[in-house]
There are 2 protein chains.
Amino acid sequence: MYFRALVFLEKNQKDYISSSELAEFVHIKPPQIRKDFSYFGAFGTKGIGYDIKNLINEIQSILKLDSPQKAALIGAGKLGTALCLFPGFKAYGFEISAIFDKDPDKIGKKIGNTTIEDVATVDSLTQRNIKLAILAVPANTAQSTTAELVQAGITGILNLSPCYLDVPPDVKVVTIDIAMELGALPYYI
Amino acid sequence: MYFRALVFLEKNQKDYISSSELAEFVHIKPPQIRKDFSYFGAFGTKGIGYDIKNLINEIQSILKLDSPQKAALIGAGKLGTALCLFPGFKAYGFEISAIFDKDPDKIGKKIGNTTIEDVATVDSLTQRNIKLAILAVPANTAQSTTAELVQAGITGILNLSPCYLDVPPDVKVVTIDIAMELGALPYYI
DNA sequence: AGTTGTGAATTTATTCACAGCA
DNA sequence: TGCTGTGAATAAATTCACAACT
């Protein structure tokens, strides 16, 4: 979140930002920000604040976003296609360099300039050294596809289906359940 | 999350579930579940567990998901269209009953059986008594569109653009930043 | 015998407040 | 003077452990 904010604020005129200014922007209290950063090092200058460019580099390095990351998209349906064409991944250095689907009508076609491959061949990810997958398949096939991804050496999965995925402890899953997030709104209203 | 899990587990043979069984399913510890429920009431039976159907009803009522909810989609691009056709909202009682876009080529066309309207006419949401909006517009127009939505009486926004939205205190925003979630994976790997 | 509901204990997260430095 | 970095203080969340109940 800090990374996203700083990349945005980098465009402004200023070179330095204080924890209070950043705090106002991300709606978090200043000591929280300083404490968060302090877990990883001392990136600021007393009396001045944080050099924005330098801080971006530090966070990029902490998050391992300092080298380009290849990701595979599994599921070239409406949502998968939308994500594939979504420009937002670039800011984090992600490139979707492989797309898989099980639909024979889609295999061989292209999204952008990436050709859709048969999901039965996900094991090729091992050789291609792709470690990240965006899973945009129906909930009922999510778990079985996940098993194949893990088999293919995937260690990070962004799961867009509304279900929990069982994976070995060395695989990290982040689940985004869009309907569930919407489901929380009426309570607050 | 409990709601999602219980709706799924409802399909199984059993009528009752203990906090330990539910805990295993959602990967949360049993006392956490009991404590969470206890903030809202005593829904279980000692020695037996929770009546699944009854618990679903209780949670539905807490979350205000017990009556159908109308939502408006703002932005009929690839992502918006995918969301609109996404079946997952139904489980929570949501219906996307209005779609808006600013592109004249899209206005008047249909997604599913809902006609796309001009985003300049979002103020009609007031009369239609729609209080929820799914915002799937580019980041640079998100804030200005939000202001119009608030003006039109929207009190809950599911924001899919990677930016913070400024709203009055009586409006609740939930932001899903898909790229940011993916951005967290390399750190864990 | 088995499970809930909940005060107490523990752990974790947040905030304060200020020494130390530019 | 102004802001960071951080130990101490406070607040919040989680977990324990067990009485109460079916």
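Below, chains carry the letters A, B, ... as their sequence lines are ordered, and counting in each starts from 1.
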request  = Specify the separation, in whole Å, of atom OH of Y16(A) and atom P of dT1(D).
outcome  = 22 Å
request  = To the nearest 0.5 Å, tell me how far L185(B) CG sits from I157(A) CD1.
outcome  = 9.0 Å
note = Atom CD of Q32(B) and atom P of dT15(D) are separated, to the nearest Å, by 6 Å
task = Taking only the side-chain heavy atoms of S19(A) (C-beta and beyond), determine which of dT4(D), dT15(C), dT6(C) contains the nearest atom.
result = dT4(D)
Whole angstrom value for the distance that separates C1' of dT3(C) from CD of E21(B) = 11 Å
ask   = Choosing from dG7(C), dT4(D), dA20(D), which nucleotide comes nearest the side chain of K35(B)?
value = dG7(C)
key: More than 12 heavy atoms of other groups within 6.0 Å of K70(A) NZ   = yes
inquiry  = Which residue is it: D51(A), L55(A), I59(A)? I am looking for the one with a side chain to side chain contact (heavy atoms under 4.5 Å, CB included) to F43(A).
reply    = L55(A)
remark   = Which of dG20(C), dT15(C), dT4(C) is nearest the side chain of K46(A)? It is dG20(C)
inquiry  = Heavy-atom nearest nucleotide on DNA chain D for Y39(B) versus I17(A): which residue maps closer to 5'?
reply    = I17(A)
query = Parallel, tilted or perpendicular: which describes the rings of F37(A) and Y2(A), with under 30° parallel and over 60° perpendicular?
reply = perpendicular
task = Would you indicate which nucleotide in dG5(D), dG5(C), dC3(D) comes nearest to any side-chain atom of A42(A)?
result = dG5(D)
message = Does dT15(D) have its OP1 or OP2 closer than 4.0 Å to a side-chain nitrogen or oxygen of K29(B)?
response = yes
task = Could you check which of dT4(D), dT6(D), dA17(D) has an atom nearest any side-chain atom of S38(A)?
result = dT6(D)
task = To the nearest Å, give me how far apart CG (D36(A)) and P (dT6(D)) are.
result = 13 Å
task = Measure the acute angle between the ring planes of F8(B) and F25(B), then classify it against the limits of 30° and 60° as parallel, tilted or perpendicular.
result = parallel
query = For the pair made of CZ in R34(A) and C1' in dG20(C), what is the distance, rounded to whole Å?
reply = 13 Å
inquiry  = Can you identify which nucleotide, out of dT15(C), dC16(D), dT4(D), has its nearest atom closest to the P31(B) side chain?
reply    = dC16(D)
ask   = Rounded to whole angstrom units, what separation is found between the CG atom of L22(B) and the P atom of dT4(C)?
value = 10 Å
request  = Could you check whether Y50(A) gets within reach of a base, just the sugar-phosphate, or nothing at all, counting any heavy atom under 4.0 Å?
outcome  = sugar-phosphate
key: Short side-chain N/O contact to dT22(D) OP1/OP2 from T45(B), under 4.0 Å   = no
message = Whole angstroms only, please: what is the CZ-C1' distance between F37(B) and dT14(D)?
response = 16 Å
request  = Specify the separation, in whole Å, of atom CD1 of I33(A) and atom P of dT15(C).
outcome  = 11 Å
